[in-house]
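Contents: one structure, followed by commentary.
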There are 2 protein chains.
Amino acid sequence: MAAIEAPKSQYGQIADELRKRIERGVYPLGSPLPSELRLADELGVSRVTVNKAVTLLRASGDVKVRRGLGTYVRSFPRIMRDAKRRYAARSLGTGAGEVEVRKLNLTSTTKYREIGRVGSPERVAQILGLRKGADTLVRRRVLYADGEPTQMADSYFPWTIVKGDGSLLREDAGKGGSYSRLADLGYAPVRFTEDVTVRLPNDAEQQTLQLDANQPVFEIWHVAYAEGDRPVEVCIHVMPGALWTLRYDWDDDLAAGPS
Amino acid sequence: MAAIEAPKSQYGQIADELRKRIERGVYPLGSPLPSELRLADELGVSRVTVNKAVTLLRASGDVKVRRGLGTYVRSFPRIMRDAKRRYAARSLGTGAGEVEVRKLNLTSTTKYREIGRVGSPERVAQILGLRKGADTLVRRRVLYADGEPTQMADSYFPWTIVKGDGSLLREDAGKGGSYSRLADLGYAPVRFTEDVTVRLPNDAEQQTLQLDANQPVFEIWHVAYAEGDRPVEVCIHVMPGALWTLRYDWDDDLAAGPS
DNA sequence: CAGTGGTCTAGACCACCAC
DNA sequence: TGGTGGTCTAGACCACTGC
C-alpha cells in the first residue's frame, strides 16, 4: 500500500488512506464507504481501529454516518459567507440569512424555534448596554440547505426599541428583513462587529445541527450598532465548521489614526 | 438535574464530569488530572473509556497531554485577534504579528523558517494575479507566546515589486514591518480581505503547533491590496482554534449600493 | 525502575435500518 | 432478519518520563 511507513498510528494512516480514496473518486461523493468490518478485513486491523480512523474523518467533515445504514462521503461544498455583502443584500429581498445558500442552488429553509419577549442572557445584556435580565425580543431560528441544518441563529433586540413593531414578532419580518424594520424605527444599523471562535458543540447543538461531539463549530457573536454607537442587535450564530468559509474585507484605517 | 435526559455515552458523560471538575477548580489550571487508570477505577469503567473522554477534552483544548507524564489542565486564555487594529498597529512599532500576544503580558517570540525567493503555490499565484509558479518572496514564520506555538504564518509577495528591497529578506523587516516596506516601494496596502475556515491539522502542522490530530485549526487567507486593487501580499495563517478569538468590524455599505 | 498515556485486539451487546 | 455503526471491556505491548 504505502511505500514508506512513517512512525504513525495505524488509525492515522488509515484515515489518510481513506481520504486519498475519496479524493481519487474510489469512493465518490455521496456514496457509502465499505462497512467497518469489511475495511478491517481488507486492511488487516481490528474494527475498533477502523472506527477510530472514521472518527477522524467525521471530525473533519469528510464523511457523515447514517445510523444503521452506513458511512457516506460528504457531498456538500463549503458555503461562502461574505459578512459585508450578506447584510447589504437586504436592499433587495429578504433578510441576510438565506443569501449564501441560494447562491449554491440549494433550497434554503428557515425554521423558527422561538419569537418573543424574554429576559436577556447576561452577556447579551452587557453588549446591548441593558440591565441584567432586561427584556429583549428574541428570534431563534435554524437554517437548512436542502434539508440539512447549516446554522442556528439567535437574535436579540432591546425590547424598548422594538416593542412598537409587530412585524418583528412574525416569522416573516417583511421586506428587507429585521434590519429594515430597525431602520423604520429610526435605528438603522450603520456598523457591525463580529467575534469568531471555534469550539465543540454542546448536546443541544449536536442534536439540532446533526453533529458528532468532536465536530467543531463556529460561534459568531454579531453585533449591529445604530448611529451614535447604539447597539441594537446581538445575533449569535452557531455553524458547523466544515460547512463554511467566512469572508471579511475592510479598508485600511491608518488615515484615521491609531486607536 | 436535567428535565429530559438523552441517553448518552459513558465517555461523553465522563468528559462532561471532568469539565465540571475543571470549572469548579477540583483540578486547578495547570494541574494534572488523575491518571487514566485511577479515573477508570474511580468511575468504574475501563481505561479505554476514560481515554476516549480525555480525547474529547483534548479536542476542545481543555487539557493538554505531556507524554510520559500526565494530562494537564490548560491554562491559556484565548487571544483576541482584532483584524483591523492589528494592521493599524504598524504605525507604531513592529509588524502585526506580535500585537495580540503582548497585550496578555505574554512573551512573544518569532521563529523564521524560510525567507527567500520561491515559485508561488498555485492558489497564491492565482490570487496575486501571477502566472502559475511565478517568483515570489516568501516569509515563513512561527509565532510563540511564552514558548508555546500560537500560529504559523506564510507571507507571499510578488517578486517583481519587492526585489528592490533588501529589508524584506531580513528577519527584521524594519520599523512598521513589511507593510511599511511595501509602502516605501509605492504599494501601500489600502484594503484587506480574509477568508476563514476551520479544519483539522495535517502532520506538519500537528508537529509544529504541538497539536493532536483532532484539534481544529483556523486557516486564514489574508490578502492585502494596494491602490487600484493591486494584490501585493497573501498571508496564510494556521492557528490552533482553541487559542484564538477573531474580531472583525465594518461599516454598513448600503449607501455605496449593492454589488 | 515504575508510572504515564498511545495504541491495538478479540469479543461482545446494543440501537437502528431496510427488507 | 441480517447488516450497519456505537459502545464497552480486559488485557496487552509500546514509548516516553522522572527518579
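What you are looking at is a predicted structure, and each value in this text was computed from that prediction instead of being measured. Chain letters run A, B, ... following the sequence lines, proteins first and then strands; every chain starts at 1.
Within the 4.5 Å cutoff, the side chain of B:Arg139 has no heavy atoms near those of the B:Arg113 side chain.
Nearest to the side-chain atoms of B:Ser46 among the listed nucleotides D:dA10, C:dA10, D:dG6 stands D:dA10. The nucleotide whose nearest atom lies closest to any side-chain atom of B:Val65 is, among C:dG6, D:dT4, C:dT4, C:dG6. The listed nucleotides are D:dC8, C:dT4, C:dA15; the one nearest the side chain of B:Gln10 is D:dC8. Among the nucleotides C:dT9, D:dG6, C:dT7, the one closest to any side-chain atom of A:Val45 is C:dT9. Closest to the side chain of B:Tyr11, out of C:dG5, D:dC8, D:dG6, is D:dC8.
Looking at which nucleotide of DNA chain D each of A:Gly68 and A:Arg47 is closest to, the 5′-most match is held by A:Gly68. In this structure, A:Leu69 and A:Gly44 both approach DNA chain C, and ranking their closest nucleotides by distance from the 5' end singles out A:Gly44.
Using a 4.0 Å heavy-atom distance criterion, A:Val54 is classed as making no nucleic acid contact. Residue B:Val48 is in base contact, counting any heavy-atom pair closer than 4.0 Å across all strands shown.
In plain terms, the two heavy atoms of A:Gln206 and A:Pro201 that are nearest each other are NE2-O, 3.1 Å.
At whole-Å resolution of the value, CG in B:Asp212 and C1' in C:dT7 are 14 Å apart. The nearest whole Å value for the distance from the NZ atom in A:Lys8 to the P atom in D:dA15 is 19 Å. The CD atom of A:Glu36 sits 15 Å away from the C1' atom of C:dT9 (whole-angstrom rounding). Taking atom CG of B:Asn214 as the reference point, atom C1' of C:dT7 lies 14 Å away to the nearest angstrom. Rounded to whole angstrom, the span from the CD atom of A:Gln13 across to the P atom of C:dG6 amounts to 18 Å. What separates CG of B:Leu37 from P of C:dG6 is a distance of 13 Å, to the nearest Å. Rounded to a whole Å, the CG atom of B:Leu57 is 14 Å from the C1' atom of C:dG5. The CG atom of A:Leu39 sits 15 Å away from the P atom of C:dC8 (whole-angstrom rounding).
Nucleotide C:dC19 forms a pair with no other nucleotide shown, judged by Watson-Crick or G-U wobble geometry with both contacts under 3.5 Å.
For A:Thr49 and C:dT9, the shortest distance from a side-chain N or O to OP1 or OP2 is below 4.0 Å. For D:dG3, neither phosphate oxygen OP1 nor OP2 lies less than 4.0 angstrom from any side-chain nitrogen or oxygen of A:Ser35. One finds no side-chain N or O of A:Ser9 lying less than 4.0 angstrom from the OP1 or OP2 phosphate oxygen of C:dG6. Within the structure, a side-chain polar atom (N or O) of A:Asn51 is placed less than 4.0 Å from OP1 or OP2 of D:dG6.
A:Tyr248 and B:Tyr248 have parallel rings, their planes meeting at less than 30° on a 0 to 90° scale where 60° marks the start of perpendicular.
The 12-atom threshold is not exceeded at CD of A:Glu122, counting heavy atoms of other residues, nucleotides or ligands nearer than 6.0 Å.
Under 4.0 Å is where a charged nitrogen must lie from a carboxylate oxygen, and between B:Glu36 and B:Lys52 no such pair does.
A donor N or O paired with an acceptor N or O is not found under 3.5 Å between the base of D:dG5 and the side-chain atoms of A:Arg58. Judged by distance alone, with hydrogens and angles left aside, B:Arg66 brings no side-chain donor or acceptor close enough to the base of D:dG18 to form a pair under 3.5 Å.
Cation-pi contact between A:Arg66 and A:Tyr72: present, with separation from the ring centre below 6.0 Å and deviation from the ring axis of at most 45°.
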